[in-house]
Amino acid sequence: MASTREAYGKALVELGKEKDNVVVLDADLTKSTKTSDFKKVFPERHFNMGIAEANMMGVAAGLAASGKIVYASSFAMFAAGRAFEQIRNSICYPNLNVKVCATHAGISVGEDGASHQAIEDIALMRAIPNMKVFVPSDEFETRAIIKAVYDISGPCYVRMGRSNVAAVFDENYQYQFGKGIVLKTGMKLAIIACGLMVQKALKVSTMLKNYDPTIVNINTIKPIDEALLVDVAKHHDIIVTLEEHSVIGGLGSAVSECLAPYGIACKHYSLGMRDVFGRSGKSDDLFKYYHLDEDSIAKYIDELK
Amino acid sequence: MNLKESALNMRRNIIEMVYTAQSGHPGGSLSACDIVCYLYLKEMNITKENARSYKRDRFVLSKGHASPLLYAALCEKGLLDQKELCGFRQIDSKLQGHPNMNYVEGVDMSTGSLGQGISAAVGMAIANKLDKREDRVYCLLGDGECEEGEVYEALMSASHNKLDNLCLILDYNHLQIDGDIKDVAGPEPFKEKFEAFGLKVLEIDGHDFNAIEEAFNKARAEKGRPTMIIAHTIKGKGVSFMENNYAWHGSAPNSEQYEKAMQELGGEA
């Protein structure tokens with residue numbers, strides 16, 4: 001068990017050892033986002049920009065326009081939300097090499113409550129031209145994606161969480177840009193998930209009475225793996241998407257947008273935050289409250305026809 | 001090289017661009033014309049050979065709406081073909097309404113959303129320090145732009161990181177799109193604010209080349225902190241009916257006004 005943010009901190013250190021032009025920025029959350037790991041080893045290449053996310057994104061743009069590859073971190077709320085327009089105009093419009101690595105996304109933030117639970121960040125980030133959007137599920141996938149985005153030209157958004165999550169993969173994990181991963185092949189119904197909902201999907205698949213589902217991990221929301229999604233839609237009657245994000249604009253929307261023109265006879269149900277804000281509570285209690293825990297999801301899916 | 005002649009030619013090109021496009025921002029392009037003319041012709045080490053590289057002095061037009069001024073400067077420096085200017089703001093041109101660094105060689109940052117260019121300039125100055133390069137970063141801000149909160153975040157970080165390789169210039173022409181800055185939002189006083197943020201502050205007549213030269217030399221000599229040159233300027237400078245009139249912030253002259261403007265600037269309409 002480790003959090004994706006812990007994997008982020010470690011991956012940054014590994015990258016820093018390999019690549020001289022990696023620069024890391026943070027906005028007074030170095031211990032939470034784990035960029036503090038990088039700071040310990042490379043203090044001269046880590047800049048704490050203070051509680052000023054808008055400026056941090058602009059500074060990241062200036063560094064990237066000077067040959068640096070910049071990892072800029074804050075909580076998803078303040079990176080994708082607070083500094084949205086700086087990311088759009090100063091980073092994405094000039095197509096600069098800034099990797100916005102946001103932690104504490106979604107309701108799994110827990111006790112801090114709705115003000116700190118970004119449930120709109122995937123929607124915001126994937127709407128911007130040039131931006132690529134990644135949602136790793138576990139520590140191994142996080143490490144691989146953090147290293148991969150170094151070589152993926154232009155702006156990238158990596159969405160990570162606060163809480164510890166079980167491993168889905170192992171040390172041998174290889175990330176392939178734009179390729180989803182079929183974790184289990186079943187029939188009739190497919191669950192497509194991202195982030196920590198992948199672990200929940202795997203658990204749910206063992207609890208279902210009426211279905212033996214296929215499980216797909218979409219670690220890259222943009223560009224989305226269209227070929228895989230079409231294949232899944234053709235071979236199943238029902239798709240259920242799972243995300244700790246609003247059902248408006250996130251993974252579910254991306255899947256629907258992708259599949260709609262094909263007119264494949266496959267229903268799609270989108271589970272996530274249903275146009276409501278989160279609230280304070282323990283992470284597990286919040287998933288129950290919003291019917292996104294394994295029991296609720298299994299019950300919901302078993303009733304689908 | 002005659003700076004006055006060059007600045008006059010740049011002013012004519014600014015008017016020509018905005019008139020041809022029937023769109024654009026003449027007032028704030030004319031006010032900062034002498035400063036940017038000096039920057040490109042005398043101060044910065046940009047050349048045709050190094051224009052593509054970031055390893056040289058750089059200029060960020062934080063007040064991106066003054067794009068005609070930047071294009072006129074690049075043209076005066078020989079980095080942009082004169083015949084490109086007539087495409088300004090048109091569908092098939094690389095000269096966007098607000099500058100795009102990927103379209104035009106020599107444009108160092110895509111700007112237009114106010115308050116953001118200064119942050120990018122801070123990032124560039126930090127990069128120069130990291131790489132131990134002596135290249136300098138220049139950034140032009142509008143006075144109305146200083147109503148954006150991000151400007152002060154950027155000033156804080158410039159000062160905190162001791163960016164003595166960063167020279168900021170305020171185009172203090174007192175007017176923004178809705179009127180006098182005093183009436184619209186009250187961003188003044190500037191000098192006290194900039195000093196409180198830890199900057200070396202110089203005040204000059206932004207239309208006096210000797211004063212501009214002296215200020216840039218002082219900024220270059222300053223160690224341990226960034227410099228802000230408050231340049232007192234006249235919005236619409238050089239075209240009598242545009243001077244000190246905020247109506248010319250973002251509007252184009254008609255044919256009569258165009259002819260009059262070009263006459264005043266010593267050119268042929």
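Chain A is the first sequence line, chain B the second, and so forth, proteins listed ahead of strands; every chain is numbered from 1. On a predicted model such as this, the values are computed, not experimentally measured, just so you know.
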Legend entry - Spatial distance of atom CZ (A:R45) from atom CG (B:L130) [nearest 0.5 Å]: 9.0 Å
Legend entry - Side-chain heavy atoms of B:T111 within contact of A:Y93, under 4.5 Å: no
Legend entry - Test item: B:Q116 and A:E85 side chains (from C-beta on) under 4.5 Å apart, heavy atoms: yes
Inset, instruction - Inspect the surroundings of CZ in A:R5 and state if more than 12 heavy atoms from other residues, nucleotides or ligands are less than 6.0 Å away. - result: yes
Legend entry - chain A contacts, top residue of B:A121, B:A125, B:A127 (heavy-atom pairs, under 4.5 Å): B:A127
Inset, instruction - Check each atom of A:V23 against the heavy atoms of chain B and say whether the ones under 4.5 Å are side chain, backbone, both or neither. - result: side chain
Inset, instruction - Using a cut-off of 6.0 Å, state whether more than 12 heavy atoms not belonging to A:E44 lie near its atom CD. - result: yes
Legend entry - Nearest heavy-atom neighbours spanning B:R58 and A:G62: NH2-O, 4.5 Å
Legend entry - When B:D108, B:V122, B:N100 are compared by non-hydrogen pairs under 4.5 Å with chain A, the top option: B:N100
Inset, instruction - With chain B as the partner chain, list the residues of residues 118-135 of chain A whose heavy atoms fall under 4.5 Å from it, by residue number, and write 'none' if nothing qualifies. - result: none
Inset, instruction - State the CG-NE2 distance between A:N89 and B:H98, to the nearest 0.5 angstrom. - result: 10.0 Å
Legend entry - Under 4.5 Å from a heavy atom of chain B, the part of A:L96 involved: side chain
Legend entry - Heavy-atom neighbours of A:D275 CG exceed 12 at 6.0 Å: no
Legend entry - Interatomic spacing from CG in A:L25 to OG in B:S157 - rounded to 0.5 Å: 10.0 Å
Legend entry - No-hydrogen, no-angle side-chain donor-acceptor test under 3.5 Å, A:R88 and B:S113: no
Inset, instruction - Would you indicate whether the side-chain heavy atoms of B:E150 and A:Q86 approach each other to under 4.5 Å? - result: yes
Inset, instruction - May I ask you to test the A:K68-B:I126 pair for a side-chain heavy-atom distance under 4.5 Å? - result: no
Legend entry - Distance in Å, B:S110 OG paired with A:I91 CD1, rounded so as to fall on 0.5 Å steps: 12.0 Å
Inset, instruction - Grab the two heavy atoms, one from B:M156 and one from A:A52, that are nearest each other, plus how far apart they are. - result: CE-CB, 4.3 Å
Inset, instruction - Please indicate whether A:Q176 has more than 12 foreign heavy atoms, meaning atoms of other residues, nucleotides or ligands, lying under 6.0 Å from its CD. - result: no
Inset, instruction - Answer yes or no: is there a side-chain heavy-atom contact under 4.5 Å between B:M109 and A:P94? - result: yes
Inset, instruction - Indicate yes or no: at least one non-hydrogen side-chain atom of A:S66 is less than 4.5 angstrom from one of B:K55. - result: no
Inset, instruction - Tell me, yes or no, whether the heavy-atom count around B:K129 atom NZ, taken from other residues, nucleotides or ligands under 6.0 Å, exceeds 12. - result: yes
